[in-house]
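Single-structure report; data block below.
No hydrogens, no waters, no symmetry mates; every other heavy atom, side chains included, goes into these values. Whatever order the structure lists them in is the order used to number ligands and atoms, beginning at 1.
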Amino acid sequence: MILAVTMNPSVDISYQLSDFQLNDVNRCDEISKTAGGKGLNVARVVKLMQGNVLATGIIGGTLGNFITQELTKSKIPHDFSKTEKESRNCIALLHAGQQTEILEAGPTLTEAEGEAFLNKFTELLEKVKLVTVSGSLPKGLSASFYQQMLDIANKKGVPIVMDCSGSTLETVLQNQAKPLLIKPNLTELSQLEGQLFSEKDYTQLKAILQQERYQGIDWIVVSLGKDGAFVKYKEQFYQVKIPKIDVVNPVGSGDATVAGLAVALAENKSVEDTLKTAMTAGILNTLENKTGWIDLAYFDDYYKKIKVENY
Ligand code: ADP
């Protein structure tokens, strides 16, 4: 089973407006409300790939209840740690091909609430083969929180696929216990390195990933949107080429990619099959309106078109 962690889940609300008027009343009858957050996207795509998944993290209040109800409706098993505080809403206003987002920060948690989650996490590790950790930490938890999770999982011998960015990723890289995999996109890698990369300059990417700070992490998957991915697996480098896609909505493709990686790794697939599975999941997500969603019926069509080449 795969444990999908979302520390700051949300109710994702999208309002489809024919026209958005600032400083005026905007009425809306096309509304969608779903359980959101990167880790829940991962959980959903693992489920859609017929993988065995358990969703966890910290939730609270009526919005927390809504999140668990939605997961139950989607037949995604869940076991969250609870807080007295209310989980957050993330609102997207869709208007004339544009998207305006309002993202609540979410609850500020106490150290004790963090500890309670770590206890639950330790228990859940007993029944899972692999963990995915996605997204940002809630306010109140220190940047080293993911390091603590890595240490606990490492002691239990359970690998972690870590999809975070900024200072959290920075601390993860400094930790003694390493994740099995990280999946920065090009922006996240540029942020981390403090320099801009071109998605086409694989020689530069290779040099960056050979640096000391990336040692000890088996898999580094740099996802490159329409250009596929550049990957380091142990001491080997790969360029993953994908077909041209008529994209409907790319939001959540990175999460779908993480889901594909987790499913393939949990099944001990080869390097080539793991990368093809991951890219296919990412591509399938771009073909859907919904975020963190794939239609498995098209899996084989796209899988066949992906090329993994040594670099
Ligand atoms: P993130 O969502 O984390 O920024 P990416 O944008 O790199 O991640 O997308 C992850 C994967 O999804 C890509 O490696 C690719 O397989 C697929 N993907 C994303 N955008 C596109 C696109 N425009 N065309 C084709 N595939 C895409």
Under a 3.5 Å threshold, yes or no: a donor from one side chain and an acceptor from the other, between [X] and [Y]?
| X | Y | result |
| --- | --- | --- |
| Ser142 | Ser144 | yes |
| Asn285 | Ser253 | yes |
| Asn310 | Gln236 | yes |

Is there at least one pair of N or O atoms, one from [X] and one from ligand 1, spaced under 3.5 Å apart?
| X | answer |
| --- | --- |
| Lys38 | no |
| Gly228 | yes |
| Asp255 | no |
| Thr286 | no |
| Gly254 | yes |
| Pro250 | no |

Could you tell me whether Ala229 approaches ligand 1 through its side chain, its backbone, both or neither, with non-hydrogen atoms closer than 4.0 Å?
neither

Looking only at heavy atoms, is any part of Lys183 under 4.0 Å from ligand 1, and if so is it the side chain, the backbone, or both, or is it neither?
side chain

What protein heavy atom lies closest to atom 26 (N) of ligand 1? Include the residue and the distance to one decimal.
Ile242 CD1, 3.3 Å

